[in-house]
Amino acid sequence: MLILMRAQATRPEIDAVLDHVRQHGYQPIELPGAERLAIGVLGSNPIGVRDHVVGLPGVVDAIPVSKPYKQVGREWQPERTVVDVSGVRFGGTEFSVIAGPCAVEDEAQLTSTARAVRAAGAVMLRGGAYKPRTNPYSFRGLGAAGLELLVRAREETGLPVVTEVLTPADVELVADRADMLQVGTRNAQNFSLLEAVGQAGRPVMLKRGLSNTVEEWLLSAEYVVSQGNRDVVLCERGVRTFETATRNTLDLSAVPLVRSLSHLPIVVDPSHATGHRHLVAPMSLAALASGADGLMVEVHPNPDEALSDGPQSLTFEQFGELMDELRRVAEALHRSLS
Ligand code: PEP
Ligand code: MN
């Protein structure tokens, strides 16, 4: 429920409402906004508090939030959230491109990729140290050693780093090394992991679950935000459908849909969405045109020898061409790349 206060409500009036809400056993959240002052009330049936607060000095109305997710919805916060990841912004006017290998393989592979993507215009580096693999005998990442290579690549290039965390037990270590924590598609409804990253004090990149509806995805984001971490960037990476010609089916309509339902930034991962290198550039341009706040793209020095996701990884040259095309489309859309 949202308690709407007069814009000129005094501090004692606001405090009186907060006290009232607490007396009813609910935790109030103050929501100062550009246009209004609101107090959010979360819980199983906060509407019971309504009769007690409407009529208090300074209160205009108390209205239920219609959606099952609360804090991540536009009703709760009409203004878009801007997530700042060590200086890289998501959710403002800029379009921010994250690039890097699927998995961190060794120092030469990572640093050469980091240098190449930075030279082409990427503003953040990706690379998995802990890899969720369908087959347990596939390459599952270098683990903690991979995190150290990411730290070194950041030192060398200045690019902030995003990397996946697979279990609550690893959250502290990964949060200590990375600028942003990635929750992958397979863990999108691992609620204990979502709560753990919500407490980690780092921005979170939340991929859409393999078969998750947009509502389920936003409820996963709500788990993170409910722990006090408001810095969540959503990532559309395709969903599973009957189609086997592509690895997944990119749901681009999710971009404008999520933007209308939620204030959180949204980026697109055209690599996992398609599974094929030649589809990455067209879907990247479409993502920009659809209103996404950025991209996450897989790039490898020699995709044919990649230890994971080679078929969908761009070469350095292809990534450079993609960045040039993105700049041209951004200009036509009156947007700019950050
Ligand atoms: C990844 O980005 O490395 C990854 C494993 O992606 P997803 O969780 O979307 O499959
Ligand atoms: Mn991958």
Side-chain angles (χ1 to χ4, degrees), residues 85 97-105 109-110 113 117 122 124-136 138-143 146-147 149-150 161-167 170 174 178-190 193-194 197 203-212 214 216-217 220-221 224 232-241 246-252 254-255 258 266-277 279-280 283-284 287 292 294-315 319:
V85 186
V97 179
I98 306 167
C102 176
V104 177
E105 297 172 4
Q109 173 247 17
L110 186 64
T113 308
V117 300
M124 240 175 110
L125 177 66
R126 64 147 289 143
Y130 299 92
K131 293 302 302 174
R133 300 307 298 272
T134 302
N135 183 336
S138 300
F139 176 62
R140 292 167 66 186
L142 299 178
L147 294 178
L149 294 180
L150 284 164
V161 159
V162 56
T163 195
E164 181 162 354
V165 58
L166 288 180
T167 72
D170 292 336
V174 180
D179 297 274
M180 185 181 216
L181 302 175
Q182 180 174 324
V183 175
T185 195
R186 298 160 180 83
N187 267 322
Q189 288 188 305
N190 179 339
L193 181 63
L194 294 172
V197 298
V204 173
M205 161 88 62
L206 176 61
K207 295 244 184 155
R208 180 177 181 174
L210 268 182
S211 308
N212 280 175
V214 165
E216 287 164 339
W217 186 15
S220 290
V224 180
V232 178
V233 176
L234 301 164
C235 179
E236 162 63 40
R237 47 79 69 206
V239 289
R240 178 160 289 190
T241 68
T246 47
R247 183 172 177 182
N248 291 289
T249 298
L250 177 58
D251 179 9
L252 260 194
V255 174
V258 161
I266 176 165
V267 301
V268 170
D269 171 350
S271 309
H272 294 89
T274 63
H276 299 284
R277 197 174 303 144
L279 300 178
V280 169
M283 291 303 96
S284 298
L295 289 177
M296 182 150 86
V297 182
E298 287 186 341
V299 178
H300 194 281
N302 186 356
D304 290 341
E305 285 179 11
L307 297 182
S308 64
D309 289 350
Q312 67 195 34
S313 299
L314 300 185
T315 63
F319 182 68

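Side chains included, hydrogens not; waters and symmetry mates left out as well; all remaining heavy atoms used. Counting starts at 1 for both ligands and their atoms, following the listed order.
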Heavy-atom side-chain proximity of [X] to [Y] below 4.5 angstrom:
X      : Y      : answer
Leu142 : Glu105 : no
Pro303 : Glu298 : no
Leu149 : Gln109 : no

CZ/Arg140: more than 12 non-hydrogen atoms of other groups inside 6.0 Å: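 No, CZ of Arg140 has 12 or fewer neighbouring heavy atoms, counting only those of other groups under 6.0 Å.
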
Within 6.0 Å of CZ in Arg240, more than 12 heavy atoms from elsewhere: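 No, because the 6.0 Å sphere around CZ of Arg240 holds 12 heavy atoms or fewer from other groups.
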
Atoms in ligand 1 with a heavy atom of [X] nearer than 4.0 Å:
X      : answer
Arg186 : 10 (O)
Gly184 : 8 (O)
Lys131 : 1 (C), 3 (O), 5 (C)

N or O contact, Asp269 vs ligand 1, cut-off under 3.5 Å: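 It does not: no N or O of Asp269 is found under 3.5 Å from an N or O of ligand 1.
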
Charged N-O contact under 4.0 Å between Arg247 and Asp309: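 Answer for the salt bridge query: yes.
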
Check ion pair Glu164-Arg126 (N to O, under 4.0 angstrom):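 Not counted as a salt bridge, because no side-chain N and carboxylate O are separated by less than 4.0 Å.
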
Minimum-distance N/O/S atom that His272 presents toward the Mn ion (ligand 2):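 The nearest such atom is NE2.
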
Of the N, O or S atoms in Glu298, the one nearest the Mn ion (ligand 2):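 It is OE2 of Glu298.
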
Nearest-0.5 Å distance that lies between atom CE in Met296 and atom CG in Asp269: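 Rounded to the nearest 0.5 Å, the CE-CG separation comes out at 5.0 Å.
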
Quick one: look up the protein heavy atom nearest [atom] and list residue, atom name and how far away it is.
atom                    : value
atom 6 (O) of ligand 1  : Lys207 NZ, 2.9 Å
atom 8 (O) of ligand 1  : Thr185 N, 2.8 Å
atom 4 (C) of ligand 1  : His272 NE2, 3.5 Å
atom 10 (O) of ligand 1 : Arg237 NH2, 2.8 Å

Gln182 heavy atom under 4.0 Å from ligand 1: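 The answer is yes: ligand 1 sits under 4.0 Å from a heavy atom of Gln182.
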
Polar contact flag, side-chain donor to acceptor under 3.5 angstrom, His300-Glu305: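 Judged by distance alone, the side chains do not pair up.
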
Angle in degrees, rounded to 10°, that SG of Cys102 and OD2 of Asp309 form at the Mn ion (ligand 2):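 Vertex the Mn ion (ligand 2), arms to OD2 of Asp309 and SG of Cys102: 100°.
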
Selection from Arg126, Glu164, Met296 by shortest heavy-atom distance to atom 2 (O) of ligand 1: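 Considering heavy atoms of Arg126, Glu164, Met296, the nearest to atom 2 (O) of ligand 1 sits in Arg126.
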
